Number of protein chains: 2
Amino acid sequence: MVNALEMIHTETEKSILKAAKLVFYKKGLAAARMQEIADEANINKAMLHYYFRSKQKLFEAVFIQAFRELAPLLNTIFNSDKPIFEKIRDFVDSYITFVTDNPYLPTFIIQEVNINPHFGKTFFANQVMPDPSLFQKQLAEAAEQGIIRPIDPRQFVLNLISLTAFPFIGKGLVTGILELDETAFKALMEERKKLIPEMIINTIKVQ
Amino acid sequence: MVNALEMIHTETEKSILKAAKLVFYKKGLAAARMQEIADEANINKAMLHYYFRSKQKLFEAVFIQAFRELAPLLNTIFNSDKPIFEKIRDFVDSYITFVTDNPYLPTFIIQEVNINPHFGKTFFANQVMPDPSLFQKQLAEAAEQGIIRPIDPRQFVLNLISLTAFPFIGKGLVTGILELDETAFKALMEERKKLIPEMIINTIKVQ
DNA sequence: TCCATTATTAACCATTTGGTTAAATTTGAT
DNA sequence: ATCAAATTTAACCAAATGGTTAATAATGGA
C-alpha cells in the first residue's frame with residue numbers, strides 16, 4: 001500500500017501503474033476501462049480500487065507521472081548555462097529522440113487537458129513548472145551583445161515546441177495528408193533534428 | 001430524413017448535427033453522451049437514432065463535416081497560383097483567424113485520429129485530400145529560379161502547419177507553462193500572423 | 001506458533017448508457 | 001377529408017461499467 005508520502009510502490013502497485021499507462025495513453029481517460037487495465041496487469045479489478053481508490057485517482061497518478069517525464073526536457077532550454085544555439089540543438093535532438101520512443105506521451109497530456117480544461121488548470125497550478133526566467137535573461141543578454149536579434153521569449157519557446165512537437169501530436173493527420181508510412185515519417189523526424197535548429201538559429205541570429 | 005445522397009437536411013437533422021458538434025468537439029467521441037446531445041438539441045434521444053442510426057454514425061457525420069471545414073484552408077497553399085511568399089502570408093492569416101473562431105476543430109480531429117488510428121486511416125483513404133503536387137512543382141521552380149533554396153516540400157508544409165496550428169492544439173499546456181491568460185494568448189496569436197511568415201520566408205529565401 | 005494486519009479474489013450491485021419499441025402525432029398527397 | 005407515410009415521444013431494455021463487499025489467503029512481528 002502507499003505510504004503517507006505516496007512514494008513506496010509495491011510490485012502490484014507498479015504493475016497496475018504500468019498497465020494503466022498503457023491503456024490511458026492509448027485510449028484516454030474516457031475510453032479507458034478499468035477491466036482492461038486489470039486484464040493488462042493480470043490482476044483482479046478490485047485491486048485497482050484497493051490501491052488507487054477510483055478511476056479518476058488512478059488516472060491522476062498516471063497523468064502526473066507522464067507530466068514529470070516530459071517536463072524535464074524543457075529544462076534543456078530553461079535551466080542550463082550552455083550557449084543558446086547549443087541548447088536549441090540539444091533540446092530538439094533529445095525531444096525528438098524521446099518522443100519517437102514514447103509517442104503517446106505528449107498527445108496524452110494535451111488531449112486530457114483539452115477535454116478537461118479545469119483539470120489541467122488546477123493541475124498546472126499545483127505543479128512545480130519549469131521556470132523560464134533564467135532563459136529569458138539569457139535571451140535578453142544575447143540580444144544586448146548583438147549575438148541575436150531581440151525576440152519575445154514566449155514566441156521563441158512557442159516556435160521551438162511547435163516545430164518539434166506538432167508532427168508527433170498530429171501524426172495521424174500528418175501521415176494522412178502527406179501520405180507517409182512509418183518509415184518515411186521516422187526519416188523525416190530524424191531530418192528535423194538538424195533542420196529545426198538551423199531554422200530557428202537562422203531566424204534569431206544576427207548575420 | 002436523409003436521402004440517398006445524404007444531402008437533404010431537415011431542420012431537426014440540422015439541429016441534431018449542431019448539438020452533436022458542440023458536444024463531440026468539446027468532449028470527444030468516448031466522453032460524449034447521446035442524452036447530452038439530445039438535451040442540447042431540445043429533442044428526444046430517439047431522434048438521434050432515427051436520423052443517424054448510432055452514436056458512431058452520428059460521430060462520423062460530425063467528423064466528416066469538421067474535416068471538410070478545415071481541409072480547404074490548405075488549398076490556400078496547395079491550389080493557388082499566387083507567389084509563394086504571398087501564399088504563406090495568406091495561409092497563416094486565414095488559419096489563425098479561423099482557428100481563433102473555431103478553437104475546438106483541429107484539436108477534435110487530431111484527437112480522434114490519435115485515439116482511433118484505424119478510423120483515421122480508413123477515413124483519409126476515402127477522402128478527397130488536398131493535393132500538394134502543384135505546390136511541390138511551384139517550390140521546385142522557385143528554387144530553380146534562385147528565388148528560394150531547395151527544400152523538401154513535406155518539411156516545408158510540416159513547418160508551416162506546426163508553427164500555425166500547434167499553439168492552438170496545445171493551448172491548455174501552452175497557457176499553463178507560459179502562464180498566459182486568454183487575452184495574452186490571443187495577443188500572441190495575433191502577433192504570429194506576421195511572425196510566422198517572416199520566419200518561414202527568412203528560412204527559405206535566398207538572400 | 002499466534003494473530004493482527006495487509007493483500008487478493010469472486011461475486012455482487014447500482015448506475016449509466018446506447019439503443020429499441022410501440023404508441024401517438026403530424027404531414028402531405030390524393 | 002382520408003389515409004398512408006414520416007416524425008416524435010415516453011417508456012423500456014440489455015449490456016457495460018465503476019465501484020463495493022465479504023470471505024479467503026498471505027505476511028510478518030511478538
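Only heavy atoms go into these numbers, but all of them, side chains included; no hydrogens, no water, no symmetry mates. Residue numbers begin at 1 in each chain, while the letters A, B, ... track the order of the sequences. In this text the structure is predicted, and so the values were computed from the model without any measurement.
Between B/Glu190 and B/Lys193, at least one side-chain nitrogen of the basic residue sits less than 4.0 Å from a carboxylate oxygen of the acidic one, meeting the salt-bridge criterion. Salt-bridge annotation for B/Glu86 and B/Arg89: absent, with no side-chain N of the basic residue lying under 4.0 Å from a carboxylate O of the acidic one. Between A/Lys14 and A/Glu11 there is a salt bridge, since a side-chain N of the basic residue sits under 4.0 Å from a carboxylate O of the acidic one. Using a cutoff of 4.0 Å between basic side-chain nitrogens and carboxylate oxygens, A/Glu182 and A/Lys171 are scored as salt-bridged.
Remark: P of C/dT20 and CG of B/Leu48 are 12 Å apart, rounded to the nearest angstrom. Rounded to an integer number of Å, the gap from A/Ile37 CD1 to D/dA16 C1' is 15 Å. Taking atom NZ of B/Lys27 as the reference point, atom P of C/dT16 lies 14 Å away to the nearest angstrom. Remark: P of C/dG18 and NZ of B/Lys55 are 5 Å apart, rounded to the nearest angstrom. Between the P atom of C/dA7 and the NE2 atom of A/His49 lies a distance of 17 Å, rounded to the nearest Å. Rounded to an integer number of Å, the gap from B/Gln35 CD to C/dG18 C1' is 11 Å. Distance B/Met34 CE to C/dT17 P: 13 Å, rounded to the nearest Å.
Dashed line: the shortest gap from a side-chain N or O of A/Tyr50 to OP1 or OP2 of D/dG19 is not under 4.0 Å. Put simply, A/Arg33 has a side-chain N or O that comes within less than 4.0 Å of OP1 or OP2 on D/dG18. The side chain of A/Thr12 contributes no N or O atom lying less than 4.0 Å from OP1 or OP2 of C/dA7.
Residue pairs meeting the side chain to side chain donor-acceptor pair (under 3.5 Å) criterion with at least one partner in residues 131-140 of chain A, sequence neighbours excluded, are A/Lys87-A/Gln138, A/Asp131-A/Ser133. Judged as a side chain to side chain donor-acceptor pair (under 3.5 Å), the pairs with a partner in residues 16-26 of chain A (not counting sequence neighbours) are, in order, A/Lys21-A/Gln65.
In terms of modelled atom types and a separation under 3.5 Å, the side chain of A/Glu112 and the main chain of A/Leu29 share a donor-acceptor contact. With hydrogens and angles disregarded, a donor-acceptor distance shorter than 3.5 Å links the side chain of B/Asn116 to the backbone of B/Phe119. At distances below 3.5 Å, not a single donor-acceptor pair connects side-chain atoms of A/Asn159 with backbone N or O atoms of A/Ile200. Using a distance-only test at 3.5 Å, with no hydrogens or angles considered, no donor-acceptor pair links the side chain of B/Asn79 to the main chain of B/Leu134.
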What pairs of nitrogen or oxygen atoms, one from the protein and one from nucleotides 22-29 of chain C, lie under 3.5 Å apart?
none

Extract from the structure each pairing of a protein N or O with an N or O of nucleotides 9-14 of chain C at less than 3.5 Å, listing the distance.
from	atom 1	to	atom 2	distance (Å)
C/dA10	N7	A/Asn44	ND2	3.1

Hey, what are the protein-to-nucleotides 13-15 of chain D N/O distances that come in under 3.5 Å?
none

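Of the N and O atoms on the side chains of B/Thr175 and A/Lys121, not one donor lies less than 3.5 Å from an acceptor on the other residue.
Nucleic acid contact for B/Ala30: none, since no nucleic acid atom lies under 4.0 Å from a heavy atom of the residue.
Taking A/Asn102 as the reference, nothing meets the side chain to side chain donor-acceptor pair (under 3.5 Å) condition, with sequence neighbours excluded.
Distance from the side chain of B/Tyr51 is smallest for D/dT7 among the nucleotides D/dG18, C/dA7, D/dT7.
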